[in-house]
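Note on naming: letters A, B, ... go to the chains in the order of the sequence lines (proteins, then strands), and numbering restarts at 1 for each one.
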2 protein chains.
Amino acid sequence: MPLSPTARVLLAMIHNGRRTGYEIKQLVDVSTRFFWAASYGQIYPELKRLEDAGLIEGEDSPSGGRRRRVYSLTDAGDAALDEWLHSDDEPTYEMRDEGLLKLFFSSDLGDAERLALIRRIRARHQSVIDRLRTVEEGAAAVGGGPHMTLQFGLGHHGWVVEWCKRQEEELG
Amino acid sequence: MPLSPTARVLLAMIHNGRRTGYEIKQLVDVSTRFFWAASYGQIYPELKRLEDAGLIEGEDSPSGGRRRRVYSLTDAGDAALDEWLHSDDEPTYEMRDEGLLKLFFSSDLGDAERLALIRRIRARHQSVIDRLRTVEEGAAAVGGGPHMTLQFGLGHHGWVVEWCKRQEEELG
DNA sequence: ATACTCATGTAAGCTGTTACATGATTCT
DNA sequence: AGAATCATGTAACAGCTTACATGAGTAT
């Protein structure tokens, strides 16, 4: 049985020490979300499925009267995670960028509107950079994968911002 | 009634002179697909919905005994397309990159495996570049939006390839 | 008191992919 | 004759988002 896309993140996050659905979501939101998002509506049902499938084990561990369920990997879960990480399958790569789509169809737009569109694209990517910077120190301290992907994000969105600037100069 | 994501592409493609579902799919596959894909399973049903909604008009126009339905924009469709292109709403931007996800979780991998992973990421982006190059002349001839987005794609994927090379050097 | 954070979940709906089915025409 | 291309569609399923619902603890 192959792991669903969300299952992979969950296994890896649990392996990483994030033991509750809530904690996983918190970390996703400040780390992977720009290349791999996840919502509660997906996380909680999937945790159940993984437990039913015997890949993780949950234990109720309320903090005070607040319910809380912590998960850990079973041997099967550990093996599944390993298999995924080492597998040589073509990794999925998808993107949907409405800004570029509009740009593609911008022939009927005036220069001013095309310029506004590009500025908007740039602002979007700049805001991602701004957010990434807020977690830069933490990622640097952790090093390894998280730091590499953060640097990738900074560089990638930085490149887009520069591209936009060049286009703006040519148009303005 | 707001346009569905696929509806936008269809209206714009029809406005652009692509009159059948088949033709639209052909053009998508060599142009927008790297930032906005579409499958037949989405295109044909959506064309019907758009016709029911009065945004496009279809006419049977078989070529020989081969059935074929050509569409054109109604005034309402033209207005809807214009509204979308000029609207200042936050454009959707989504991406899912399993390669980066693995990289994020690569702390338990050895250097050799991390290197293999990065090579794989690079190969993926290189293959996109190779494909884009095959349509470069056509896009240059058309100019405007298609040419801009193609240049964007070339630059963007080129940046990723260079980033990968730098990482490979550091690891190898 | 009130708002915010911790914490878990469900239901409806939207969007999309994949695989399948069909049939005509054109190219080799 | 057989393969590729033109052309249209459906059904099943997968995956995700959004909005909603609930409730306890903590900070202002």
* **Donor on one side chain, acceptor on other, B:Ser106 and B:Glu113, under 3.5 Å** =>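 No donor-acceptor contact under 3.5 Å links the two side chains.
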* **B:Thr74 versus B:Glu57, side-chain donor and acceptor atoms under 3.5 Å** =>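 No, no side-chain donor-acceptor pair sits under 3.5 Å.
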First of B:Leu47 and A:Ala37 reached from the 5' end of DNA chain D, by closest nucleotide: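 By nearest-heavy-atom nucleotide position, the 5'-most residue is B:Leu47.
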Under 4.0 Å: is that the gap between some side-chain N or O of [X] and OP1 or OP2 of [N]?
X	N	answer
B:Arg69	D:dG9	no
A:Tyr40	C:dG9	no
A:Thr6	D:dG15	no
A:Gln42	D:dG15	no
A:Thr20	C:dT8	yes

Looking only at the side chain of [X] (C-beta and beyond, no hydrogens), which of the listed nucleotides [options] gets closest?
X	options	value
B:Arg96	C:dG9, C:dT15, D:dG15	D:dG15
B:Pro45	C:dT8, D:dT10, D:dG15	D:dT10
B:Tyr22	C:dC6, D:dA7, C:dT17	D:dA7
B:Lys48	D:dT8, D:dT10, C:dG16	D:dT10
A:Tyr71	C:dG16, D:dC6, C:dG9	C:dG9
A:Arg68	C:dA7, D:dT17, C:dG16	C:dA7
B:Ser39	C:dT18, D:dC16, C:dT8	C:dT18
A:Gln26	C:dG9, C:dC6, D:dA7	C:dC6

task: Using only heavy-atom distances, decide whether a donor-acceptor pair under 3.5 angstrom links the side-chain of B:Arg66 to the base of C:dT25.
output: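 Such a pair exists between side chain and base.
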A:Glu168 and A:Lys165 ion-paired at < 4.0 Å: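 Answer for the salt bridge query: no.
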Protein-nucleotide distance ([X], atom [atom1]; [N], atom [atom2]), rounded to Å:
X	N	atom1	atom2	value
A:Leu10	C:dG9	CG	C1'	15 Å
A:Asp60	C:dC6	CG	P	20 Å
A:Glu59	C:dT8	CD	C1'	17 Å
A:Glu94	C:dT15	CD	P	16 Å
B:Asp29	C:dT17	CG	P	11 Å
A:Arg19	C:dT8	CZ	C1'	17 Å
B:Glu46	D:dT10	CD	P	13 Å
B:Glu23	D:dT5	CD	C1'	14 Å

When we call it a touch if two heavy atoms are under 4.0 Å apart, what does [X] touch: a base, just sugar-phosphate, or nothing?
X	value
B:Gly64	sugar-phosphate
B:Gly41	base
B:Lys25	nothing
A:Pro62	nothing

With side chains defined as the heavy atoms from C-beta onward, is the minimum distance between A:Val28 and A:Met13 less than 4.5 Å?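 Yes, their side chains come closer than 4.5 Å.
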Can you check whether A:Trp159 and B:Phe152 have ring centres sitting under 6.0 Å from each other?
->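 Judged by ring-centre distance (under 6.0 Å), A:Trp159 and B:Phe152 do meet the cut-off.
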task: Determine whether the aromatic ring centres of B:Phe105 and A:His15 lie less than 6.0 Å apart.
output: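 No: the rings miss the under 6.0 Å criterion.
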- Message: Among A:Glu59, A:Glu23, A:Glu51, which residue satisfies the salt bridge (charged side-chain N to carboxylate O under 4.0 Å, His left out) criterion with A:Arg69?
- Response: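 With A:Arg69 as partner, A:Glu59, A:Glu23, A:Glu51 yield a single salt bridge (charged side-chain N to carboxylate O under 4.0 Å, His left out), made by A:Glu51.
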